[in-house]
Amino acid sequence: EERIERWECTKFGLKATERAKMEDEKNLFAPGDVVRHAKGNEYEIVGRCVFEPTMVSCYVYRGTNGCTWARPVAQMEDGRFSLVEPSNAK
């Protein structure tokens, strides 16, 4: 009988293979870094997350107005965001 893979209830709600993939990714930005969007607004990187419906890895970031956002890693690292002030976490 073939075993059917099912989602496991694990850390971050991901299977171990997906967690390892996310943890192995090189992060251009780290929690606590301040970044500037090409339009001029500055944000603080909160951390990383995964958008569950598509399993896309994202950055979580907070604006100076207190709003918290999530954006796919590919968009955060395509040049529209630049590092203004690195955190001491690196």
Side-chain angles (χ1 to χ4, degrees):
E1 186 175 321
E2 226 176 283
R3 182 175 170 221
I4 298 172
E5 292 267 335
R6 295 178 191 227
W7 290 108
E8 302 169 12
C9 183
T10 58
K11 182 180 176 190
F12 305 122
L14 305 173
K15 289 196 270 187
T17 54
E18 292 296 329
R19 284 199 322 271
K21 180 181 173 189
M22 186 173 166
E23 291 166 1
D24 287 344
E25 289 178 355
K26 295 188 186 230
N27 298 312
L28 186 59
F29 306 118
D33 285 353
V34 176
V35 296
R36 181 177 294 124
H37 188 272
K39 293 181 180 177
N41 295 331
E42 292 188 1
Y43 304 90
E44 179 182 356
I45 300 296
V46 176
R48 294 282 294 270
C49 71
V50 173
F51 183 60
E52 184 188 13
T54 60
M55 297 306 292
V56 170
S57 187
C58 300
Y59 279 100
V60 178
Y61 58 104
R62 182 176 299 118
T64 54
N65 62 0
C67 287
T68 302
W69 304 88
R71 185 182 290 253
V73 170
Q75 290 181 11
M76 289 290 292
E77 296 183 353
D78 69 0
R80 63 183 96 187
F81 287 87
S82 59
L83 184 62
V84 173
E85 182 181 325
S87 70
N88 294 327
K90 288 185 180 178

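No hydrogens, no waters, no symmetry mates; every other heavy atom, side chains included, goes into these values.
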* T54: partners by side chain to side chain contact (heavy atoms under 4.5 Å, CB included), with sequence neighbours left out -> F51, V56

* Just how far is it from atom OH of Y43 to atom CG of D33, taken to the nearest 0.5 Å? -> 16.0 Å

* What pair of heavy atoms forms the shortest contact from S87 to P31, and how long is it? -> OG-O, 3.1 Å

* For N65, enumerate each residue passing the side-chain hydrogen bond (donor to acceptor under 3.5 Å, both in side chains) test, keeping only those at least two apart in sequence or located in another chain. => none

* Looking at residues at least two apart in the chain, or sitting in another chain, which of them share a side chain to side chain contact (heavy atoms under 4.5 Å, CB included) with T68? -> V60, R62

* Asked: Donor-acceptor pair, Y59 side chain versus M76 backbone, under 3.5 Å?
  -> no

* **Shortest non-hydrogen contact between F81 and V35, atoms and distance** => CD2-CG2, 3.8 Å

* Asked: Measuring from H37:NE2 to W69:CH2, what's the distance to the nearest 0.5 Å?
  -> 11.0 Å

* Structure fact -> Taken in chain and number order and not counting sequence neighbours, the residues that satisfy side chain to side chain contact (heavy atoms under 4.5 Å, CB included) with E42 are V34, R36, V84

* To do: Look at the side-chain heavy atoms of Ile, Leu, Val, Met, Phe, Trp and Tyr, link any pair under 4.5 Å apart, and say whether V46 and F29 land in one connected group.
  => no

* Asked: Please, which pairs that meet salt bridge (charged side-chain N to carboxylate O under 4.0 Å, His left out) have at least one residue in residues 63-86, sequence neighbours excluded?
  -> D78-R80

